[in-house]
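Along the sequence shown, the residues carry numbers beginning at 1.
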Amino acid sequence: MTKKIVLILLGPPGSGKGTQAKQLCHHYSLPHLSTGDLLREEINQKTVIGLEAKELIQKGLLVPDAIVMKILWERLSKKDCAQGFLLDGFPRTVHQAESLLKEQKENEQLIVLSLEVPNEEIVKRAVGRLICSTCGAIFHTTYSPSTLNTECDRCEGGKLYQRADDKEEVIRERLRVYDQQTAPLIHFYDEKKVLKKFDGSVSPQVLFGKLCDYIDSIRLSSE
Ligand code: AMP
């Protein structure tokens, strides 16, 4: 029986997780579970969770494990996750990773992809990142600008905005938090022999090809 695929994208903020996640989900027909997006939804809906999360996110700090896990577990219980899913931005602490492991079923195949990008490159990428407020497409003022400048050329008209947590001082704080709280997960998953490191400084297309080759090879060898 083919195992249900659980993909985890690890990597510092701005390492290209979001871009790769979208393409991988499309390619493998998996739901894209981004805890950052789930939290931003809570913020937009002005829920109690959203109010608490907003302040922390704006400071570049992590939202408490219990809150993130509550919204993620809820999302994981939906039907579309039955055949597998991709996690983008989760886990971010060893405690989150341990909790996820406890939830893991026998018929699930865990594949952790770690995107490695030097910090200075991350800062350059993040401060130029723009997102479409309508369709969520991701642009970069230097590397992949929209042909419509401040509007989206994919959905033709959505306004582009910079996430508040992509400002340089916030990005540097997020990198510090990543090194301190999330980077230990590389060792955590490495020890469990489910992690593969990728050079995230190559072009998104090249990286996508490498990620797919690796996922396909794992899937083949486990059949
Ligand atoms: P992201 O969109 O993944 O970059 O997440 C944006 C922000 O949401 C992060 O900087 C954190 O403040 C918060 N966040 C997202 N995922 C998590 C998580 N798994 N644990 C704690 N905080 C999170």
Undergrad: Determine whether Leu7 and Leu211 make a side-chain contact, defined as any pair of heavy atoms from C-beta on separated by less than 4.5 Å.
TA: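 No, too far: nothing below the 4.5 Å cut-off.
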Undergrad: Sort out for me which residue in Lys70, His95, Arg92 forms a side chain to side chain donor-acceptor pair (under 3.5 Å) with Asp65.
TA: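 Between Asp65 and the candidates, side chain to side chain donor-acceptor pair (under 3.5 Å) is satisfied uniquely by His95.
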Undergrad: Looking at Lys78 and Asp80, is there a salt bridge between them, counting it only when a charged N and a carboxylate O are closer than 4.0 Å?
TA: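 No, no charged N to carboxylate O under 4.0 Å.
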Undergrad: Got a list of side-chain donor-acceptor pairs under 3.5 Å for residues 184-195, not counting sequence neighbours?
TA:
none

Undergrad: Let me check something: do Leu113 and Val6 share a hydrophobic cluster, defined by ILVMFWY side-chain heavy atoms less than 4.5 Å apart, either directly or through other members?
TA: no
Undergrad: Measure the spacing between OG1 of Thr35 and CE of Met69 and express it to the nearest 0.5 Å.
TA: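 Rounded to the nearest 0.5 Å, the OG1-CE separation comes out at 11.5 Å.
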Undergrad: Would you please name every residue forming a salt bridge (Lys or Arg N to Asp or Glu O under 4.0 Å) with Arg172, sequence neighbours left out?
TA: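 Listed in chain order: Glu120, Glu168.
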Undergrad: Answer whether the closest heavy-atom distance between the side chains of Ile8 and Leu110 falls below 4.5 Å.
TA: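 Contact flag for Ile8/Leu110 side chains = yes.
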Undergrad: Quick one, Ile215 and Ile5 - any side-chain contact, counting heavy atoms below 4.5 Å?
TA: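 Answer yes - side chains close enough.
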Undergrad: Output the distance between atom NZ (Lys54) and atom CG (Leu56), rounded to the nearest 0.5 Å.
TA: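 It comes to 12.5 Å.
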Undergrad: Tell me if the NZ atom of Lys210 is crowded by more than 12 foreign heavy atoms within 6.0 Å.
TA: no
Undergrad: Given the rule that I, L, V, M, F, W and Y join up when any side-chain heavy atoms are under 4.5 Å apart, are Leu38 and Trp73 in one cluster?
TA: yes
Undergrad: Nearest 0.5 Å, what's the NZ-CG distance between Lys196 and Leu10?
TA: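 Going from the NZ atom of Lys196 to the CG atom of Leu10 covers 14.5 Å.
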Undergrad: For Ser146 and Glu151, work out which heavy atoms get closest and say how close.
TA: OG-O, 2.6 Å
Undergrad: To the closest 0.5 Å, what do you measure between CG (Leu62) and CG (Leu39)?
TA: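 CG of Leu39 is found 10.5 Å from CG of Leu62.
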Undergrad: Are more than 12 heavy atoms from other residues, nucleotides or ligands located less than 6.0 Å from atom CD of Gln104?
TA: yes
Undergrad: Any chance you could lay out the salt bridge (Lys or Arg N to Asp or Glu O under 4.0 Å) test for Asp166 and Arg174, step after step, and finish with the verdict?
TA: CA-CA 9 Å; Asp166 274 345; Arg174 293 174 75 202; 3.6 Å; yes
Undergrad: Just so I know, are the side chains of Glu173 and Lys59 near enough to count as touching, which here means a heavy-atom distance under 4.5 Å?
TA: no
Undergrad: By ring pair (Phe, Tyr, Trp, His ring centres under 6.0 Å), which residues pair with Tyr178, not counting sequence neighbours?
TA: none
Undergrad: Taking the side chain as every heavy atom from C-beta outward, state whether Leu160 and Leu148 have any atom pair closer than 4.5 Å.
TA: no
Undergrad: May I ask you to say whether Arg40 pairs ionically with Asp37, meaning some side-chain N is under 4.0 Å from a carboxylate O?
TA: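 Here Arg40 pairs with Asp37 in a salt bridge, since their nearest N and O are under 4.0 Å apart.
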Undergrad: So, the side chain of Lys159 versus the backbone of Ser133: is there a donor-acceptor pair under 3.5 Å, distance only?
TA: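 Flag not set: sc Lys159 to bb Ser133 has no pair under 3.5 Å.
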Undergrad: Compare all side-chain heavy atoms of Thr93 with those of Val68 and state whether any distance is below 4.5 angstrom.
TA: no
Undergrad: Begin with the C-alpha distance, continue with both residues' side-chain angles, and end with the deciding distance and a verdict on side-chain contact (heavy atoms from CB on, under 4.5 Å) for Leu87 and Leu72.
TA: CA-CA 10 Å; Leu87 291 172; Leu72 181 63; 3.9 Å; yes
Undergrad: Same cluster for Phe85 and Val112 if Ile/Leu/Val/Met/Phe/Trp/Tyr side chains link at under 4.5 Å?
TA: yes
Undergrad: As a quick check of understanding, evaluate side-chain contact (heavy atoms from CB on, under 4.5 Å) for Lys124 and Thr142, giving each step before the final call.
TA: CA-CA 10 Å; Lys124 247 197 268 168; Thr142 313; over 6 Å; no
Undergrad: For Phe139 versus Pro145, what's the shortest heavy-atom pair and its separation?
TA: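 Heavy atoms of Phe139 and Pro145 come nearest at CD2-C, 4.0 Å.
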Undergrad: So, taking the atom named CG in Asn107 and the one named NZ in Lys105, what distance separates them when rounded to the nearest 0.5 Å?
TA: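 The CG atom of Asn107 sits 8.0 Å away from the NZ atom of Lys105.
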Undergrad: Which pair of non-hydrogen atoms, one from Cys81 and one from Leu33, has the smallest distance, and what is that distance?
TA: SG-CD1, 4.0 Å
Undergrad: Quick one: does any side-chain atom of Tyr28 pair with a main-chain N or O of Cys212 as donor and acceptor, under 3.5 Å?
TA: yes
Undergrad: What are the two closest non-hydrogen atoms of Leu115 and Pro12, and how far apart are they?
TA: O-CD, 3.5 Å
Undergrad: Transitively linked via ILVMFWY side-chain contacts under 4.5 Å: Ile138 with Val206?
TA: no
Undergrad: When rounded to the nearest 0.5 angstrom, what distance separates CD1 in Ile171 from CG in Asn119?
TA: 10.0 Å
Undergrad: Taking all heavy atoms of Cys25 and all of Leu86, pick out the closest pair and write down the distance.
TA: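 Minimum heavy-atom contact is SG-CB, 3.7 Å.
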Undergrad: Which of these, Glu108, Gln83, Gln109, sits in a side chain to side chain donor-acceptor pair (under 3.5 Å) with Lys4?
TA: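 Filter result, single survivor: Glu108.
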Undergrad: Within the supplied structure, the quantity of interest is the number of heavy atoms (other residues, nucleotides, ligands) at a distance under 6.0 Å from Lys22 NZ; does it exceed 12?
TA: yes
Undergrad: Do Phe198 and Leu24 share a hydrophobic cluster, counting only Ile, Leu, Val, Met, Phe, Trp and Tyr and linking them when any side-chain heavy atoms are less than 4.5 Å apart?
TA: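 Phe198 clusters together with Leu24.
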Undergrad: If you take all heavy atoms of Ile43 and Gly50, which pair is closest and at what distance?
TA: CG1-O, 3.4 Å
